[in-house]
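Quick notes on the structure that follows.
In what follows, every chain begins at residue 1, and chains take the letters A, B, ... in the order their sequences are listed.
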Amino acid sequence: MAEREFKLYDTMTRQVRPLQPLEPGHLKFYTCGPTVYSYAHIGNFRSFLAADLVARTARALGWRVSWVTNITDVGHLTQDDVADAGGEDRMEKALKSKEGERFANVWDLAEFYTRAYLEDWARLNLSEPTVRPKATQHVREQILMALALVERGNAYETPTGVYFDVESQPDYGKLSGNTRDKLQEAVRDVVLDENKRRQADFALWKKDDKHLMQWFSPWGWGFPGWHIECSAMARAYLGDTIDLHSGGEDNAFPHHECEIAQSEAFTGKPFANHWMHVRFLQVEGEKMAKSAGNFFTVRDLIGEGFDPIALRYALISVPYGKPMNFTIQLLRDAEGNVGRFREARRRAAGSALLPSSSGAAPPADAGGDSGAELAANLDRIYDEALEAMCHDLNTSVAIAKALEGVKAVLREPSLDGSMGEAAVRFLDQVEALLGICPVERDDAGACETALIDGRAIESWIDERTAAKSAKDFARADAIREKLASEGIELRDSPEGTTWSRKPKL
RNA sequence: GGCGCCGUACCCAAGUGGUUAAGGGAAGGGUCUGCAAAACCCUCAUUCAGCGGUUCGACUCCGCUCGGCGCCUCCA
């Protein structure tokens, strides 16, 4: 295959340009992860899914991918500038909330939500990053970096902490456009901290011996500032200069701007060569907010009976660079399409046992070598899907291509062995690239989120099958309706009757 | 005020100046089926918010207008 370019929009240069790993064929990629003070919502996951798709696409190109995504398990202040007033951080706030009652302390809480996050990650079929470091396990690196920045004159100590001096990096603001001069005008009603030289200066370390999470540093007890953790962890695992850094659009400023400033001041080298920002998600046309009643976590929707893979499908169906309007209708549409992938898998698996018409000794019949034809067709379609992904992750087109392939498979009235093989290979490739047609696991779906008695359903199905063979269709239909009213859908096929849950929402 | 995004059929949505404006859903028709579902086939935008401009040629580039939206110090 000819060398293919992987193009992505770069926030820094504001243009779509090829991703160019410093070390050819080896992508070093950092993604800002969540603060684990609550369950992640679907907007969080839209961002992580975009990163997952970058990693998948790069792997599909044969690149080695070193993908690091952190877990922020330190609670950072809700207001940077008021170190003392309230002194409450997100973790602490969560601990005091109703949901937080069951936790012994913030560490316990962070552990709980970290686990939930990893579960959601797996349910949505995101691929595993190379390393998933935790901020609390890299406090030493953060302190050392802050210390070096003070020694170099890029940061200074105050009675309340250590602050990065934004004036020391003249190009501060180059990513977001919030340059130092513009910041002066733009700032609205932010509380001023007289300890800081300039209002745009940000904390590397907060002195606080009453904080629920604290470490000892050259400046006494306290905790690290938010931005420094990503700089420290990215450097620890990926080196001074990384190829790509991603996050939600809100991260561009101030978080990424601050990362750039401190990392580049520290190493004297460019921090990241490419920046990717994922647009926010809206729900039913409005900003997702708890007060609006349109706030969905991953587990909320799965709990309603929606297929996690369909949720994934829906969340990636709109390219990451556009604001996305998530709707229940979109999720329903996704379920239908994910069902087609399943159907294709089912049929392909069933065909594997049948002899190939194009086997070792192909009978040169008039029918031709349709196995080879299908394979060639699917190869072409997959290649077009990959091409779409290489064009700034055009998931809309890539998914359309994947569906085109599925249609080609389902169109065949019957699949022989070689066609089945081609179909399986295609589905595996699409799965590796997009993650929307995983091989079913036995434990998938079914009873885990609702209390459904699978055995009772089976016996109803048996009874209905008996009624059907006795031509007692009224009885058979009554059973179908009874189960339907309980959210169970039956489906007859030549191999027998199967059941599945129907979402309530 | 600063930075940026979007307006394509009933809905979601792709479209990298030039052959018939992807794909999905909904809807209608058909094949198949005890029913239901699934699957497949067919139909469904002479037109891309509006107005100008550049061009041999624009949904695609430029300008303006109208309309919607995001971020701007810790929310992905």
Kindly state which residues belonging to residues 463-470 of chain A come within less than 4.0 angstrom of RNA chain B, counting heavy atoms of the residue only, listed by number. A:R464, A:K468
Say whether A:T297 and A:H41, considering side chains only, have a donor N or O and an acceptor N or O under 3.5 Å apart. no
So, A:F280 and B:A76: ring centres less than 5.5 Å apart, planes less than 30° off, yes or no? yes
I want to check one thing: is the phosphate of B:G70, taken as OP1 and OP2, less than 4.0 Å away from some side-chain N or O of A:K322? no
Any strand is fair game: report the nucleotide pairing with B:U33 by Watson-Crick or G-U wobble, both distances under 3.5 Å, or none. none
At under 4.0 Å between heavy atoms, what does A:K7 touch on the DNA or RNA strands: base, sugar-phosphate, or nothing? nothing
Applying a 3.5 Å limit to both distances, which nucleotide forms a Watson-Crick or G-U wobble pair with B:U20? none
Close aromatic pair by centroid cut-off 6.0 Å: A:F271 and A:H245: yes
Within the supplied structure, the quantity of interest is the number of heavy atoms (other residues, nucleotides, ligands) at a distance under 6.0 Å from A:K7 NZ; does it exceed 12? no
Sugar-phosphate, base or nothing in reach of A:S176, heavy atoms under 4.0 Å: sugar-phosphate
Here the pair of heavy atoms bringing A:H256 nearest to A:C32 is NE2-SG, 3.3 Å
Could you let me know what B:G52 is paired to, Watson-Crick or G-U wobble, both distances under 3.5 Å, or none if it's on its own? B:C62
Sugar-phosphate, base or nothing in reach of A:N394, heavy atoms under 4.0 Å: sugar-phosphate
Minimal non-hydrogen separation, A:T158 against A:K207, with atom names: O-NZ, 2.8 Å
Kindly say whether the aromatic ring centers of A:F48 and A:Y117 come within a distance under 6.0 Å. yes
